[in-house]
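Numbers restart at 1 for each chain; the letters A, B, ... are given by sequence-line order, proteins then strands. Just so we're clear, the structure is a prediction, and the values are computed from it rather than from any experiment.
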There are 2 protein chains.
Amino acid sequence: MNLLDIGAVSRHSGIPPSTLRYYEEIGLIQSVGRHGLRRQFDTPVLTQLALISLGKLAGFSLDDIKGMFAGDGSPQLPRPELHQRADMLDQQIKGLTRLRDALRHVADCPAETHMDCPKFKRLMEFASRTANRR
Amino acid sequence: MNLLDIGAVSRHSGIPPSTLRYYEEIGLIQSVGRHGLRRQFDTPVLTQLALISLGKLAGFSLDDIKGMFAGDGSPQLPRPELHQRADMLDQQIKGLTRLRDALRHVADCPAETHMDCPKFKRLMEFASRTANRR
DNA sequence: GGTTGACCTCAAGTTGACTTGAAGTGGCAG
DNA sequence: CTGCCACTTCAAGTCAACTTGAGGTCAACC
(Lines give C-alpha, C1' and ligand atoms only; values in the text may rest on other atoms or scores of the structure.)
Protein backbone atom coordinates (compact mmCIF):
# COMPACT_ATOMS: atom_id res chain seq x y z
CA MET A 1 0.00 0.00 0.00
CA ASN A 2 1.22 3.43 -0.87
CA LEU A 3 0.47 5.40 2.26
CA LEU A 4 1.75 8.82 3.17
CA ASP A 5 1.73 10.28 6.59
CA ILE A 6 0.59 13.80 7.12
CA GLY A 7 4.07 15.25 6.94
CA ALA A 8 4.69 13.70 3.55
CA VAL A 9 1.33 14.93 2.26
CA SER A 10 2.19 18.37 3.54
CA ARG A 11 5.55 18.32 1.80
CA HIS A 12 4.10 17.11 -1.48
CA SER A 13 1.16 19.46 -1.52
CA GLY A 14 2.66 22.50 0.14
CA ILE A 15 -0.29 22.60 2.52
CA PRO A 16 0.52 22.83 6.24
CA PRO A 17 -0.41 19.91 8.50
CA SER A 18 -2.72 22.13 10.53
CA THR A 19 -4.70 22.83 7.39
CA LEU A 20 -4.79 19.17 6.44
CA ARG A 21 -6.17 18.33 9.87
CA TYR A 22 -8.70 21.11 9.46
CA TYR A 23 -9.72 19.79 6.04
CA GLU A 24 -10.20 16.36 7.52
CA GLU A 25 -12.21 17.78 10.37
CA ILE A 26 -14.66 19.44 8.01
CA GLY A 27 -14.84 16.31 5.87
CA LEU A 28 -13.06 17.64 2.81
CA ILE A 29 -10.49 14.86 2.80
CA GLN A 30 -10.19 11.58 4.62
CA SER A 31 -7.29 9.81 6.21
CA VAL A 32 -7.26 6.08 5.79
CA GLY A 33 -5.74 5.14 9.11
CA ARG A 34 -3.10 5.87 11.68
CA HIS A 35 0.48 4.94 12.23
CA GLY A 36 0.61 5.30 15.97
CA LEU A 37 -1.09 8.65 16.29
CA ARG A 38 -0.15 9.85 12.86
CA ARG A 39 -2.72 10.13 10.16
CA GLN A 40 -2.01 8.09 7.04
CA PHE A 41 -3.34 9.21 3.71
CA ASP A 42 -3.76 7.41 0.45
CA THR A 43 -1.84 8.87 -2.48
CA PRO A 44 -4.95 10.01 -4.37
CA VAL A 45 -5.41 12.62 -1.66
CA LEU A 46 -2.79 14.62 -3.50
CA THR A 47 -4.97 14.86 -6.60
CA GLN A 48 -7.83 15.85 -4.37
CA LEU A 49 -5.79 18.58 -2.77
CA ALA A 50 -4.80 19.91 -6.18
CA LEU A 51 -8.47 20.01 -7.05
CA ILE A 52 -9.22 21.81 -3.81
CA SER A 53 -6.53 24.39 -4.44
CA LEU A 54 -7.86 24.94 -7.91
CA GLY A 55 -11.36 25.33 -6.57
CA LYS A 56 -10.22 27.85 -4.03
CA LEU A 57 -8.38 29.71 -6.74
CA ALA A 58 -11.66 29.81 -8.59
CA GLY A 59 -13.25 31.49 -5.61
CA PHE A 60 -15.31 28.57 -4.39
CA SER A 61 -15.78 28.16 -0.66
CA LEU A 62 -14.59 24.98 1.01
CA ASP A 63 -18.23 24.15 1.42
CA ASP A 64 -18.86 24.52 -2.29
CA ILE A 65 -15.87 22.36 -3.01
CA LYS A 66 -17.04 19.75 -0.56
CA GLY A 67 -20.27 19.61 -2.50
CA MET A 68 -18.54 19.21 -5.83
CA PHE A 69 -16.44 16.16 -5.14
CA ALA A 70 -17.23 12.97 -3.32
CA GLY A 71 -15.02 11.89 -0.46
CA ASP A 72 -12.68 10.10 -2.81
CA GLY A 73 -12.15 13.20 -4.94
CA SER A 74 -14.23 12.10 -7.90
CA PRO A 75 -16.68 14.75 -9.01
CA GLN A 76 -20.20 13.99 -7.89
CA LEU A 77 -22.69 16.50 -9.15
CA PRO A 78 -25.59 16.41 -11.54
CA ARG A 79 -24.45 17.30 -15.04
CA PRO A 80 -26.48 20.51 -15.35
CA GLU A 81 -24.95 21.82 -12.17
CA LEU A 82 -21.47 21.03 -13.43
CA HIS A 83 -22.21 22.99 -16.58
CA GLN A 84 -23.56 25.83 -14.49
CA ARG A 85 -20.39 25.91 -12.43
CA ALA A 86 -18.36 25.87 -15.63
CA ASP A 87 -20.39 28.81 -16.91
CA MET A 88 -19.71 30.69 -13.69
CA LEU A 89 -16.04 30.02 -14.21
CA ASP A 90 -16.31 31.37 -17.74
CA GLN A 91 -17.73 34.59 -16.40
CA GLN A 92 -14.95 34.84 -13.92
CA ILE A 93 -12.31 34.10 -16.52
CA LYS A 94 -13.72 36.87 -18.67
CA GLY A 95 -13.55 39.28 -15.77
CA LEU A 96 -10.00 38.34 -14.97
CA THR A 97 -8.98 38.61 -18.58
CA ARG A 98 -10.43 42.09 -18.64
CA LEU A 99 -8.59 43.07 -15.51
CA ARG A 100 -5.37 41.65 -16.88
CA ASP A 101 -5.80 43.56 -20.12
CA ALA A 102 -6.53 46.73 -18.22
CA LEU A 103 -3.43 46.24 -16.11
CA ARG A 104 -1.23 45.55 -19.12
CA HIS A 105 -2.72 48.46 -20.94
CA VAL A 106 -1.98 50.97 -18.26
CA ALA A 107 1.49 49.52 -17.89
CA ASP A 108 2.20 50.22 -21.55
CA CYS A 109 -0.01 53.13 -22.49
CA PRO A 110 1.93 56.37 -22.51
CA ALA A 111 -1.13 58.49 -21.74
CA GLU A 112 -0.65 60.45 -18.57
CA THR A 113 -4.23 60.23 -17.44
CA HIS A 114 -5.64 56.77 -18.10
CA MET A 115 -9.16 57.75 -17.34
CA ASP A 116 -9.14 59.80 -20.51
CA CYS A 117 -7.68 57.06 -22.68
CA PRO A 118 -10.45 55.66 -24.86
CA LYS A 119 -9.06 52.16 -24.78
CA PHE A 120 -8.93 52.17 -21.00
CA LYS A 121 -12.39 53.62 -20.79
CA ARG A 122 -13.71 50.87 -22.98
CA LEU A 123 -12.09 48.27 -20.76
CA MET A 124 -13.66 49.88 -17.75
CA GLU A 125 -17.09 49.93 -19.28
CA PHE A 126 -16.83 46.22 -19.83
CA ALA A 127 -15.67 45.95 -16.28
CA SER A 128 -18.69 47.75 -14.93
CA ARG A 129 -20.97 45.45 -16.82
CA THR A 130 -19.13 42.26 -15.95
CA ALA A 131 -18.18 42.75 -12.35
CA ASN A 132 -20.33 42.23 -9.28
CA ARG A 133 -22.15 39.17 -8.14
CA ARG A 134 -20.58 36.57 -5.86
CA MET B 1 -21.73 68.99 -10.58
CA ASN B 2 -22.81 65.42 -10.98
CA LEU B 3 -22.98 64.22 -7.42
CA LEU B 4 -24.55 61.05 -6.14
CA ASP B 5 -25.46 60.39 -2.57
CA ILE B 6 -24.62 57.09 -1.01
CA GLY B 7 -28.01 55.59 -1.75
CA ALA B 8 -27.67 56.32 -5.44
CA VAL B 9 -24.17 54.90 -5.55
CA SER B 10 -25.44 51.82 -3.81
CA ARG B 11 -28.25 51.42 -6.30
CA HIS B 12 -25.98 51.91 -9.29
CA SER B 13 -23.19 49.68 -8.08
CA GLY B 14 -25.17 47.05 -6.27
CA ILE B 15 -22.94 47.52 -3.24
CA PRO B 16 -24.67 48.11 0.11
CA PRO B 17 -24.23 51.48 1.84
CA SER B 18 -22.58 49.80 4.81
CA THR B 19 -19.92 48.46 2.50
CA LEU B 20 -19.44 51.82 0.84
CA ARG B 21 -18.94 53.43 4.24
CA TYR B 22 -16.51 50.67 5.09
CA TYR B 23 -14.60 51.22 1.85
CA GLU B 24 -14.36 54.88 2.62
CA GLU B 25 -13.22 54.16 6.15
CA ILE B 26 -10.32 52.06 4.90
CA GLY B 27 -9.47 54.65 2.27
CA LEU B 28 -10.46 52.65 -0.78
CA ILE B 29 -12.83 55.31 -2.05
CA GLN B 30 -13.48 58.93 -1.12
CA SER B 31 -16.62 60.94 -0.75
CA VAL B 32 -16.41 64.50 -1.98
CA GLY B 33 -18.69 66.13 0.55
CA ARG B 34 -21.91 65.93 2.46
CA HIS B 35 -25.48 66.89 1.87
CA GLY B 36 -26.59 67.32 5.44
CA LEU B 37 -25.14 64.19 6.91
CA ARG B 38 -25.22 62.26 3.70
CA ARG B 39 -22.08 61.43 1.85
CA GLN B 40 -21.88 62.68 -1.70
CA PHE B 41 -19.80 60.88 -4.27
CA ASP B 42 -18.51 61.96 -7.62
CA THR B 43 -19.67 59.81 -10.54
CA PRO B 44 -16.22 58.35 -11.28
CA VAL B 45 -16.55 56.42 -8.04
CA LEU B 46 -18.69 54.00 -10.01
CA THR B 47 -15.80 53.14 -12.31
CA GLN B 48 -13.64 52.75 -9.27
CA LEU B 49 -16.10 50.38 -7.67
CA ALA B 50 -16.21 48.31 -10.84
CA LEU B 51 -12.44 48.09 -10.69
CA ILE B 52 -12.61 47.07 -7.06
CA SER B 53 -15.15 44.36 -7.81
CA LEU B 54 -12.97 43.10 -10.61
CA GLY B 55 -9.96 43.07 -8.33
CA LYS B 56 -11.85 41.13 -5.70
CA LEU B 57 -12.98 38.69 -8.34
CA ALA B 58 -9.34 38.26 -9.21
CA GLY B 59 -8.65 37.29 -5.63
CA PHE B 60 -6.85 40.43 -4.58
CA SER B 61 -7.37 41.66 -1.05
CA LEU B 62 -8.80 45.11 -0.49
CA ASP B 63 -5.37 46.08 0.66
CA ASP B 64 -3.80 44.90 -2.58
CA ILE B 65 -6.41 46.80 -4.51
CA LYS B 66 -5.82 49.90 -2.44
CA GLY B 67 -2.18 49.65 -3.45
CA MET B 68 -2.99 49.31 -7.13
CA PHE B 69 -5.09 52.39 -7.66
CA ALA B 70 -4.73 55.91 -6.40
CA GLY B 71 -7.61 57.48 -4.53
CA ASP B 72 -9.17 58.71 -7.74
CA GLY B 73 -9.19 55.23 -9.25
CA SER B 74 -6.33 55.78 -11.65
CA PRO B 75 -3.74 53.02 -11.48
CA GLN B 76 -0.66 54.07 -9.61
CA LEU B 77 1.99 51.41 -9.66
CA PRO B 78 5.41 51.07 -11.19
CA ARG B 79 5.18 49.43 -14.61
CA PRO B 80 7.12 46.30 -13.75
CA GLU B 81 4.80 45.66 -10.85
CA LEU B 82 1.77 46.07 -13.07
CA HIS B 83 3.22 43.52 -15.46
CA GLN B 84 3.92 41.21 -12.58
CA ARG B 85 0.34 41.47 -11.41
CA ALA B 86 -0.82 40.80 -14.94
CA ASP B 87 1.38 37.71 -15.06
CA MET B 88 -0.14 36.50 -11.81
CA LEU B 89 -3.54 36.96 -13.36
CA ASP B 90 -2.43 34.94 -16.36
CA GLN B 91 -1.46 32.09 -14.09
CA GLN B 92 -4.77 32.29 -12.37
CA ILE B 93 -6.65 32.40 -15.64
CA LYS B 94 -4.83 29.28 -16.76
CA GLY B 95 -5.77 27.49 -13.56
CA LEU B 96 -9.39 28.48 -13.86
CA THR B 97 -9.51 27.47 -17.48
CA ARG B 98 -8.17 24.09 -16.49
CA LEU B 99 -10.75 23.74 -13.77
CA ARG B 100 -13.49 24.77 -16.15
CA ASP B 101 -12.34 22.24 -18.74
CA ALA B 102 -12.19 19.55 -16.11
CA LEU B 103 -15.70 20.39 -14.97
CA ARG B 104 -17.07 20.38 -18.49
CA HIS B 105 -15.25 17.20 -19.27
CA VAL B 106 -16.72 15.28 -16.39
CA ALA B 107 -20.12 16.68 -17.21
CA ASP B 108 -19.91 15.22 -20.71
CA CYS B 109 -17.62 12.23 -20.43
CA PRO B 110 -19.60 9.01 -20.31
CA ALA B 111 -16.92 7.19 -18.31
CA GLU B 112 -18.29 5.92 -15.04
CA THR B 113 -15.13 6.45 -13.08
CA HIS B 114 -13.46 9.72 -14.01
CA MET B 115 -10.28 8.97 -12.19
CA ASP B 116 -9.56 6.29 -14.79
CA CYS B 117 -10.30 8.52 -17.76
CA PRO B 118 -7.01 9.49 -19.39
CA LYS B 119 -8.24 12.92 -20.38
CA PHE B 120 -9.36 13.70 -16.86
CA LYS B 121 -6.13 12.35 -15.45
CA ARG B 122 -4.16 14.60 -17.75
CA LEU B 123 -6.18 17.62 -16.61
CA MET B 124 -5.55 16.70 -13.02
CA GLU B 125 -1.83 16.39 -13.58
CA PHE B 126 -1.81 19.90 -14.96
CA ALA B 127 -3.84 20.93 -11.97
CA SER B 128 -1.33 19.50 -9.54
CA ARG B 129 1.45 21.39 -11.24
CA THR B 130 -0.44 24.65 -11.59
CA ALA B 131 -2.33 24.97 -8.34
CA ASN B 132 -1.03 26.28 -5.04
CA ARG B 133 0.54 29.59 -4.22
CA ARG B 134 -1.40 32.62 -3.01
C1' DG C 1 15.76 2.41 27.43
C1' DG C 2 16.03 7.17 27.05
C1' DT C 3 15.73 11.10 23.99
C1' DT C 4 13.97 13.23 20.08
C1' DG C 5 10.91 15.13 16.97
C1' DA C 6 7.06 14.82 14.39
C1' DC C 7 2.89 14.03 15.30
C1' DC C 8 -1.64 14.31 18.42
C1' DT C 9 -6.13 16.94 20.71
C1' DC C 10 -8.79 20.72 21.96
C1' DA C 11 -9.72 25.34 22.86
C1' DA C 12 -8.86 29.77 21.83
C1' DG C 13 -7.07 33.38 18.89
C1' DT C 14 -6.55 35.80 14.28
C1' DT C 15 -7.57 38.07 9.88
C1' DG C 16 -10.27 40.03 6.31
C1' DA C 17 -14.39 41.78 4.98
C1' DC C 18 -18.21 43.07 6.21
C1' DT C 19 -22.98 43.44 8.84
C1' DT C 20 -25.90 44.67 12.61
C1' DG C 21 -27.86 47.43 16.22
C1' DA C 22 -28.70 51.27 19.00
C1' DA C 23 -29.24 55.88 19.26
C1' DG C 24 -29.18 60.19 16.79
C1' DT C 25 -29.79 63.86 12.71
C1' DG C 26 -31.60 66.55 9.14
C1' DG C 27 -33.73 67.60 4.48
C1' DC C 28 -38.11 67.68 2.52
C1' DA C 29 -43.17 66.39 1.45
C1' DG C 30 -47.51 67.45 3.14
C1' DC D 1 -44.16 72.74 11.45
C1' DT D 2 -44.37 68.03 11.92
C1' DG D 3 -43.20 63.55 10.57
C1' DC D 4 -40.76 60.45 8.04
C1' DC D 5 -37.05 58.07 6.43
C1' DA D 6 -32.79 57.64 4.54
C1' DC D 7 -29.06 58.64 6.19
C1' DT D 8 -25.36 59.20 10.32
C1' DT D 9 -21.71 57.25 14.09
C1' DC D 10 -19.61 53.84 16.81
C1' DA D 11 -19.09 49.57 18.93
C1' DA D 12 -19.83 45.02 18.66
C1' DG D 13 -20.93 40.86 16.17
C1' DT D 14 -20.31 37.38 12.36
C1' DC D 15 -18.31 34.15 9.13
C1' DA D 16 -14.87 31.54 6.76
C1' DA D 17 -10.62 29.67 6.93
C1' DC D 18 -7.14 28.90 9.29
C1' DT D 19 -3.24 29.27 13.00
C1' DT D 20 -1.43 29.02 17.57
C1' DG D 21 -0.53 27.21 22.05
C1' DA D 22 -0.51 24.15 25.83
C1' DG D 23 0.05 19.83 27.16
C1' DG D 24 0.40 14.94 25.65
C1' DT D 25 1.92 10.59 22.79
C1' DC D 26 4.66 7.37 20.43
C1' DA D 27 7.83 5.09 16.77
C1' DA D 28 12.45 5.07 15.84
C1' DC D 29 17.18 5.86 16.31
C1' DC D 30 21.38 5.83 19.31
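- A rotation axis mapping the C1' atoms of four pairs onto the next four is fitted at both ends of the helix from C:dG1-D:dC30 to C:dG30-D:dC1 over five pairs, and the angle between these axes is 0° to 10 degrees.
- In this structure, NZ of B:Lys66 is placed 14 Å from P of C:dC18, rounded to the nearest angstrom.
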Show the numbers, then the answer: is there a side chain to side chain contact (heavy atoms under 4.5 Å, CB included) between B:Leu62 and B:Tyr22? CA-CA 11 Å; B:Leu62 295 184; B:Tyr22 173 66; 3.9 Å; yes
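- Rounding to whole angstrom units, CD of residue B:Glu25 and P of C:dC18 are separated by 12 Å.
- At C:dC8, one or more side-chain N or O atoms of A:Arg39 fall inside 4.0 Å of OP1 or OP2 (strictly under the cut-off).
- For A:Arg21, counting side-chain heavy atoms from C-beta on, the closest listed nucleotide (C:dT9, C:dC28, C:dA6) is C:dT9.
- In this structure a side-chain-to-backbone donor-acceptor pair under 3.5 Å is present from B:Asp5 to B:Gly7.
- With B:Ser31 as reference, B:Glu24 is the one residue of B:Glu24, B:Gln40, B:Arg38, B:Arg39 to meet the side-chain hydrogen bond (donor to acceptor under 3.5 Å, both in side chains) rule.
- Hydrophobic clustering (side-chain heavy atoms under 4.5 Å, transitive across Ile, Leu, Val, Met, Phe, Trp, Tyr) groups B:Ile26 together with B:Phe60.
- A donor-acceptor pair under 3.5 Å is formed between the side chain of A:His12 and the backbone N or O of A:Ala8.
- For the pair A:Tyr22 and B:Arg11, both in contact range of DNA chain D, the more 5′-proximal nearest nucleotide belongs to B:Arg11.
- The shortest distance between side-chain heavy atoms of B:Ile93 and A:Gln92 does not fall below 4.5 Å.
- Applying the 4.0 Å criterion to OP1 and OP2 of C:dT19, one finds that B:Thr19 has a side-chain N or O inside that range.
- Not one N or O on the side chain of A:Ser10 forms a donor-acceptor pair closer than 3.5 Å with the backbone of A:Ile6.
- Within the 4.0 angstrom heavy-atom criterion, no nucleotide atom of any strand lies near B:Ile26.
- Using a 4.0 Å cutoff to heavy atoms of chain B, the contacted part of DNA chain D runs 5' to 3' from D:dA6 to D:dT9.
- At the phosphate of C:dC8, neither OP1 nor OP2 sits under 4.0 Å from any side-chain N or O atom of A:His35.
- For B:Asp63 and C:dG16, the CG to C1' distance is 10 Å, given to the nearest whole Å.
- Counting only distance, with no hydrogens or angles, the side chain of B:Asp64 and the backbone of B:Ser61 share a donor-acceptor pair below 3.5 Å.
- Separating the CG atom in B:Leu4 from the CZ atom in B:Arg11 is a distance of 9.0 Å, to the nearest 0.5 Å.
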